[in-house]
K.L.:
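Structure provided below as structure tokens; questions to follow.
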There are 2 protein chains.
Amino acid sequence: MQADHDIPDDQQRDGTEGFVSSYLLYLLAAASEAASAQFHAHVRKAGLRVPEWRVLAWLHDRDGEMITRLALISLIEQSRLTKIIIQMEERGLVTRQGDKADRRRVRVWLTKSGRDLSQQLVADARQHETGLLSKLEGGDAARLKQALITLLDVLENDSTA
Amino acid sequence: MQADHDIPDDQQRDGTEGFVSSYLLYLLAAASEAASAQFHAHVRKAGLRVPEWRVLAWLHDRDGEMITRLALISLIEQSRLTKIIIQMEERGLVTRQGDKADRRRVRVWLTKSGRDLSQQLVADARQHETGLLSKLEGGDAARLKQALITLLDVLENDSTA
DNA sequence: GCAATAAGTATGAAAATTCATATAATTGCG
DNA sequence: CGCAATTATATGAATTTTCATACTTATTGC
């Protein structure tokens, strides 16, 4: 088995067989990566790291979120988010406020400048998404989204997950 | 607008509105993350980091791949992959061999122990995937995969991507 | 056949992320 | 009430990852 170390032909087909190329977790990761590459480059040009953009986007939808939930939603580990929020505060994008009702909690609010930036980027994201979806045929776009939502749903309410 | 910093109700709906919760790039990232969490934990228990598992999985399908392509497929930046491969070599999972026809290239081959491990993990992954897909109704699973493949396809052969 | 350019990999310093844990506040309950 | 368990965030050291670039080998155009 490969004892003689044959050199594979690099010009050949690009993964239309084998395990990986049709493995759901791989397809999800690869699709996520590929779909995001362009917009993430835009985000970096705007001077933000991807996690920072995620925070701004979420606060755009719902300002004053607490750290733990923001971390969960933004797919960022908690202690990292704490550091990121502190940096964003130093840059004047957000402010942190202790929650009066539960003083363990820290709530994060957009500043004026943070809100301006988030609105700009959300607009950009919407436009980019429209372009992306327009490349899919007919109902494919809607079906894809629906399938992802269903998957997320199944994963959330699942004891064995 | 939030001028008085009202405290949001944390018990309320979980993102069924707003921009983020139906944004394609978010759905992809969140679904990928959520779907992978369980299996990635398994990978770590087996003593591997996720990128190492990806390398093993790909070599399982096609041994003797070169660094650059392995990096592309495994969603790992090249210089990082070089380091990972060196570590995997030290652990006896793979060997590196200069390509005789093009001496710039380095090809990576599974060792016996690497092959054993990759086969075990691929079997585990198949089983895990089956469990996951079985939670989706009827043709949903196949449709989701097909949609992802289509999306990847569109992204690959796209000048504006 | 010789520059010049490109392709493939490696390297080291800088930046980031993770991990374990500390600190502080709240909740549950006997 | 009082104490144990739980929740929320922060912190620092260790590890990972990135970034720019060096280095080597191939390819291309004259």
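Throughout, protein chains are lettered first and strands after them, A, B, ... in sequence-line order, and every chain is numbered starting at 1.
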K.L.:
So B/Val55 and B/Leu93, do their side chains get closer than 4.5 Å, heavy atoms only?
P.N.:
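B/Leu93 does not reach B/Val55 side chain to side chain.
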K.L.:
Rounded off to whole Å, could you give me the CZ-to-C1' distance for the B/Arg49 and D/dT15 pair?
P.N.:
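Roughly 9 Å, once rounded to whole Å.
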K.L.:
Round to a whole Å and report the spacing from CD1 of A/Ile84 to P of D/dT11.
P.N.:
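Result: 15 Å.
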K.L.:
Please state how far atom CD in A/Gln87 lies from atom P in C/dA15, giving the value in whole angstrom units.
P.N.:
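Between P of C/dA15 and CD of A/Gln87: 12 Å.
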K.L.:
If you assign A/Arg104 and A/Lys83 each to the DNA chain D nucleotide with the nearest heavy atom, which residue ends up on the more 5' nucleotide?
P.N.:
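Looking at DNA chain D, the more 5' nearest nucleotide goes with A/Arg104.
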K.L.:
Testing the 3.5 Å rule here: is there a donor-acceptor pair between the side chains of A/Gln38 and A/His128?
P.N.:
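Per modelled atom types, A/Gln38 and A/His128 side chains form a pair under 3.5 Å.
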K.L.:
Between D/dT15 atom C1' and A/Glu77 atom CD, what is the distance in whole Å?
P.N.:
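Rounded to the whole Å, the gap is 14 Å.
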K.L.:
Counting only side-chain N and O atoms of B/Arg96, is one of them less than 4.0 Å from OP1 or OP2 of C/dA10?
P.N.:
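Checking C/dA10 against B/Arg96, a side-chain N or O does come within under 4.0 Å of OP1 or OP2.
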K.L.:
Mark yes or no for a side-chain to base donor-acceptor pair under 3.5 Å between A/Gln78 and D/dA10, with no hydrogen or angle criteria applied.
P.N.:
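Such a pair is found, so the answer is yes.
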K.L.:
What is the distance, rounded to the nearest whole Å, between atom CG of A/Leu70 and atom P of D/dA10?
P.N.:
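Roughly 12 Å, once rounded to whole Å.
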K.L.:
Within the side chain of A/Glu89, is there an N or O that forms a donor-acceptor pair under 3.5 Å with the backbone of A/Arg96?
P.N.:
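Answer holds: yes.
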K.L.:
Whole Å only: how far is the CZ atom of A/Arg103 from the P atom of D/dA10?
P.N.:
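Distance check: A/Arg103 CZ to D/dA10 P gives 15 Å.
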K.L.:
From the list C/dT11, C/dA20, D/dA26, which nucleotide is the closest neighbour of the side chain of B/Thr82?
P.N.:
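Closest of the options to the side chain of B/Thr82: C/dT11.
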K.L.:
The side chain of A/Asp102 lies closest to which of these nucleotides: C/dA25, D/dC19, C/dG8?
P.N.:
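Nearest to the side chain of A/Asp102 among the choices is C/dA25.
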K.L.:
Rounded to whole angstroms, how far apart are CZ on B/Arg105 and C1' on D/dC23?
P.N.:
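Answer to the nearest Å: 18 Å.
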K.L.:
State, with a plain yes or no, whether a side-chain heavy atom of B/Arg44 is found less than 4.5 Å away from one of B/Arg49.
P.N.:
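No, side chains not in contact.
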K.L.:
In whole Å, what is the span from the CG atom of B/Leu72 to the P atom of C/dA7?
P.N.:
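Checked: the CG to P distance equals 14 Å.
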